[in-house]
Amino acid sequence: MKIEEKKAILPPKSNFSEWYNELLLAGEIMDVRYPVKGLYVWFPFGFEVRKRTYAIIRELLDKDHKEAMFPLLIPETEFMKEAEHIKGFENEVYWVTRGGKNELDVKLALRPTSETAIYPMYKVWVRSHADLPIKIYQIVNTFRYETKHTRPLIRLREITSFKEAHTVHATWDEAAKQVDVAVQIYIEFYKRLAIPTIVSKRPQWDKFPGADYTMAVDTLMPDNKTLQIGTAHHLGNNFAKTFDIKYEGMNGEQEYAQQTCYGISERCIAALVSIHGDDRGLVFPPEIAPVQVVVIPVLFGKSEEIIKACREVAERLKDEGFRVALDESDERPGAKYYKWEMKGVPLRVEIGPRDLKNNAATVVRRDSGSKEIVPIDKLAEEIKKRVIDIHKSLLGKARKSMEERIFDCNTLDEVRDKISEGIARIPWCGEQECGLAMEETVGAGILGIPESELGRGYGSCPICKKETTSIAIMSKTY
RNA sequence: GGGGCCGUAGGGUAGAUUGGUCCAUCCUUCAUGCUUGGGGUGCAUGAGACCUGAGUUCAAAUCUCAGCGGCCCCA
């Protein structure tokens with residue numbers, strides 16, 4: 001009776017929306033109770049997850065980029081220079097209009113993205129072909145006045161963790177190559193998070209305002225909607241013209257620069273938490289987990305020996321480079337198991353009288369729940385093996401889960417039927433007119449034609465009936 | 001863009017139909033003590049709440065309006 005009354009802390013993951021909201025609180029990722037719509041607070045634990053996640057982005061970018069930082073405030077005069085860009089953002093810009101009691105002569109925008117903050121400086125910095133390429137990124141907050149339902153980590157009024165890179169090149173082709181490089185970096189990044197991705201070129205009507213084209217990285221969430229978790233834009237010389245970014249070529253002529261920009265936000269953490277988490281809480285790949293191994297003493301009466309053994313084990317594992325927590329608190333073991341499972345700790349080491357008698361420990365995996373007895377002197381190497389295996393198996397599981405929810409369709413009726421279960425593949429001739437008609441009919445978006453095998457096939461466009469070898473993917477999106 | 005529901009301790013809730021029984025219920029949490037200890041130990045004592053503002057009324061957690069905030073559905 002008592003046991004039945006113990007309710008799970010979280011709603012089941014199948015009830016995704018509720019599960020997600022409560023997990024963020026119970027798992028201490030974000031506090032959603034800040035009293036302004038669309039703004040949320042990072043708990044210290046969540047912030048550590050963020051820190052480790054962004055350390056990976058930095059590691060990948062730092063090979064070939066420089067990190068810098070530009071101002072939050074953008075003068076209206078700069079912000080309003082690029083017509084398409086304005087059109088894309090003007091409805092969601094916050095404006096600073098006063099300083100103290102004085103009206104400002106030139107209003108200041110809170111950056112919704114930083115092109116117009118960075119490019120006036122690029123105009124100054126770029127003089128000669130020898131200055132190129134420039135590859136700079138920053139990790140900053142940005143503001144967008146969202147009017148729809150906001151959601152922590154996914155749709156925010158303050159994006160707290162926007163990694164945006166801005167590159168400048170001499171030629172269009174070189175910039176195009178950089179877009180490819182960016183996409184490869186993102187794919188690699190998401191592999192490290194054990195998150196499967198699909199890369200596609202966004203349809204023209206869905207590209208970044210002011211870009212020649214946009215490449216996007218999407219993943220599939222547990223509620224069968226896709227989440228855009230990275231984009232890379234080829235800006236051509238559109239911004240170079242409006243911001244007058246020119247370089248002197250080998251032959252002395254002035255040329256407009258070619259630019260790209262690419263970004264990732266805290267949506268990467270939304271995906272991380274959502275894709276790996278389960279009914280018991282968070283599940284982290286070991287590289288991200290703030291605590292990788294928790295040591296739990298199982299005490300009976302006189303327990304000095306057990307405590308001592310646990311301390312020794314914890315120390316030894318720390319020396320081996322693991323992030324270790326030793327839970328000596330006064331709770332019962334079961335309560336500790338639940339607590340650390342919620343926190344997503346990949347491995348739990350239990351040591352009780354039974355284990356100690358055999359000079360062993362019980363090792364439990366968070367991802368699979370498997371329990372194994374391991375001799376204490378082999379603990380470090382056994383844990384090393386499992387750390388690698390946990391990452392592999394998380395990625396494998398996530399990939400399988402996504403692949404199982406991709407459906408081949410030949411008609412729009414089929415798409416409409418399947419779209420609530422995941423991603424639909426459907427032949428598309430590539431024409432805008434047909435694409436918009438398809439979106440209209442289905443009530444879902446075209447993500448694009450995937451770069452991978454997913455985007456290739458054979459069939460006829462459901463609107464114009466023209467034969468095509470291109471397959472588009474459609475889904476409900478966030 | 002359109003529609004609906006909701007706001008009571010840190011979290012989850014009862015109280016609203018019919019305004020007064022409410023210095024507000026229960027579970028959880030937190031604090032202290034004892035107890036217990038291989039999947040949420042039990043007991044005792046204690047702490048903690050009616051979103052904001054205006055209105056109706058002798059009287060508002062309860063009714064009305066507005067603001068703020070949250071959730072859900074449709075396009």
Side-chain angles (χ1 to χ4, degrees), chain A residues 1-12 15-41 43-45 91-92 145-158 223-225 278-281 294-307 309-310 327-343 345 348-358 360-366 368-374 416 419-420 436-445 476-478:
Chain A
M1 190 63 185
K2 284 270 148 52
I3 290 163
E4 282 171 46
E5 281 172 7
K6 288 280 180 195
K7 276 186 299 183
I9 290 169
L10 295 175
N15 184 356
F16 178 71
S17 202
E18 239 178 273
W19 173 87
Y20 179 75
N21 283 327
E22 294 197 22
L23 176 65
L24 292 181
L25 193 62
E28 293 185 301
I29 301 293
M30 301 224 87
D31 200 323
V32 300
R33 294 170 295 184
Y34 191 76
V36 178
K37 180 184 166 73
L39 309 193
Y40 308 95
V41 176
F43 281 112
F45 183 78
N91 286 333
E92 38 190 72
Y145 180 72
E146 298 284 352
T147 52
K148 295 190 180 215
H149 47 288
T150 50
R151 231 185 252 277
L153 301 174
I154 293 177
R155 174 163 272 114
L156 308 143
R157 285 185 167 179
E158 181 188 6
D223 62 351
N224 301 332
K225 290 194 220 167
D278 64 18
D279 286 355
R280 292 184 168 196
V294 60
V295 180
I296 295 184
V298 180
L299 307 173
F300 283 99
K302 290 176 204 156
S303 44
E304 287 310 312
E305 280 183 26
I306 287 168
I307 294 274
C310 284
D327 191 344
E328 289 191 58
S329 69
D330 196 23
E331 286 163 305
R332 309 244 309 207
K336 295 181 186 177
Y337 302 162
Y338 280 101
K339 175 179 147 193
W340 291 102
E341 279 168 357
M342 177 62 74
K343 288 298 188 74
V345 177
R348 180 172 83 225
V349 173
E350 304 168 16
I351 299 176
R354 214 158 61 203
D355 304 294
L356 204 57
K357 203 171 62 187
N358 303 318
T362 306
V363 176
V364 185
R365 274 173 65 155
R366 175 67 179 89
S368 64
S370 74
K371 287 189 182 187
E372 288 160 292
I373 310 293
V374 171
R416 201 171 3 192
I419 205 89
S420 58
L436 288 173
M438 286 161 69
E439 289 190 339
E440 173 87 40
T441 310
V442 174
K476 302 235 184 205
T477 58
Y478 272 94

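Letters A, B, ... are given to chains in the order of the sequence lines, protein chains preceding strands, and every chain is numbered from 1. Since we're looking at a predicted model, the values are computed, not measured.
- Within the 4.0 angstrom heavy-atom criterion, no nucleotide atom of any strand lies near A:G369.
- Nucleotides B:rA16 and B:rA61 are separated by 8 Å at their C1' atoms, to the nearest Å.
- Residues passing the salt bridge (charged side-chain N to carboxylate O under 4.0 Å, His left out) test with A:R416 are A:D413, sequence neighbours excluded.
- Judged by atom type and distance alone, A:R348 reaches the base of B:rG39 through a side-chain donor-acceptor pair under 3.5 Å.
- Side-chain atoms of A:E341 lie closest to B:rG39 of the nucleotides B:rG39, B:rG10, B:rG70.
- A:N15 contributes no side-chain N or O that, together with a main-chain N or O of A:P12, makes up a donor-acceptor pair within less than 3.5 Å.
- As rounded to the nearest Å, B:rC65 and B:rG1 have C1' atoms that lie 25 Å from one another.
- Listed by chain and number, the residues in a side chain to side chain contact (heavy atoms under 4.5 Å, CB included) with A:N21 are A:P152 (sequence neighbours excluded).
- Within the nucleic acid shown, A:E22 has no heavy atom closer than 4.0 Å to any nucleic acid atom.
- When distances run from any side-chain atom of A:T150 to the nucleotides B:rG70, B:rG10, B:rG38, the shortest one goes to B:rG70.
- The side chain to side chain contact (heavy atoms under 4.5 Å, CB included) test applied to A:A26 returns A:I9, A:L10, A:M342, not counting sequence neighbours.
- Between the P atoms of B:rG70 and B:rG12, the separation comes to 14 Å (whole Å).
- Listed by chain and residue number, nothing satisfies the ring pair (Phe, Tyr, Trp, His ring centres under 6.0 Å) test with A:F43 (two or more places apart in sequence, or in another chain).
- Closest approach to the A:K371 side chain among B:rG10, B:rG39, B:rU41 is made by B:rG39 (side chain taken as heavy atoms from C-beta onward).
- Checked against side chain to side chain contact (heavy atoms under 4.5 Å, CB included), A:I296 has the following partners two or more places apart in sequence or in another chain: A:V294, A:D327, A:K336, A:Y337, A:W340, A:R348.
- Mapping A:R354 and A:E440 onto RNA chain B via the closest heavy atom, the residue that lands nearer the 5' end is A:R354.
- For the pair A:Y337 and B:rG39, the ring geometry does not qualify as stacking, because the centroid separation below 5.5 Å and plane angle under 30° are not jointly satisfied.
- When each of B:rG70, B:rG38, B:rG39 is scored by its nearest atom to the side-chain atoms of A:R280, the top-ranked nucleotide is B:rG39.
- By the salt bridge (charged side-chain N to carboxylate O under 4.0 Å, His left out) test, A:K225 pairs with no residue at all, sequence neighbours left out.
- Counting only heavy atoms from C-beta on, A:T362 has its side chain closest to B:rG38 among B:rG38, B:rG39, B:rC71.
- A gap of 15 Å separates the C1' atoms of B:rC6 and B:rU62, to the nearest Å.
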Q) Which string of ( ) [ ] | and . matches RNA chain B, if you list each base 5' to 3' and count Watson-Crick or G-U pairs only when both distances are under 3.5 Å? A) (((((((..(((.......[.....)))((((((.......))))))...(((((..]....)))))))))))).
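- Under the salt bridge (charged side-chain N to carboxylate O under 4.0 Å, His left out) criterion, A:D31 pairs with A:R33, not counting sequence neighbours.
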Pick out the pairs of N or O atoms, protein on one side and nucleotides 32-36 of chain B on the other, that lie under 3.5 Å.
{"from": "B:rU36", "atom 1": "O2'", "to": "A:R332", "atom 2": "NH1", "distance (Å)": "2.4"}

Q. Tell me, for nucleotides 1-6 of chain B in 5' to 3' order, what letter each nucleotide earns: B for a base near a protein heavy atom under 4.0 Å, S for only sugar-phosphate near one, - for neither?
A. S-----
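- Between B:rC5 and B:rA66, the distance separating the two P atoms is 14 Å to the nearest Å.
- Look at A:S17 and you'll find a side-chain N or O under 4.0 angstrom from OP1 or OP2 of B:rC72.
- Considering only the side chain of A:P353, B:rG38 comes nearest among B:rG11, B:rG38, B:rC71.
- For the residue pair A:V364 and A:G369, the shortest heavy atom distance occurs at CG1-O, 3.9 Å.
- Residues passing the side chain to side chain contact (heavy atoms under 4.5 Å, CB included) test with A:R354, sequence neighbours excluded: none.
- Looking at A:E350, its side chain has no donor and acceptor atom pair within 3.5 Å of the base of B:rG39.
- Between A:F300 and A:P353, the shortest heavy-atom distance links the atoms CD1-CG, 3.4 Å.
- Nearest-nucleotide positions on RNA chain B place A:L39 closer to the 5' end than the other of A:L39 and A:K476.
- Within 6.0 Å of atom NZ in A:K37, more than 12 heavy atoms from other residues, nucleotides or ligands are found, so the atom counts as buried in its surroundings.
- A donor-acceptor contact under 3.5 Å is formed by the side chain of A:D355 with the base of B:rG38.
- Nucleotides B:rG10 and B:rA31, compared at atom P, are 15 Å apart to the nearest Å.
- Rounded to whole angstrom, the span from the CZ atom of A:R151 across to the P atom of B:rC71 amounts to 7 Å.
- Comparing the same atom, P, in B:rU52 and in B:rG7 gives a spacing of 14 Å after rounding to whole Å.
- Every residue two or more places apart in sequence or in another chain that forms a salt bridge (charged side-chain N to carboxylate O under 4.0 Å, His left out) with A:E28 is listed here: A:K343.
- Taking the C1' atoms as reference points, B:rA60 lies 14 Å from B:rA54, given to the whole Å.
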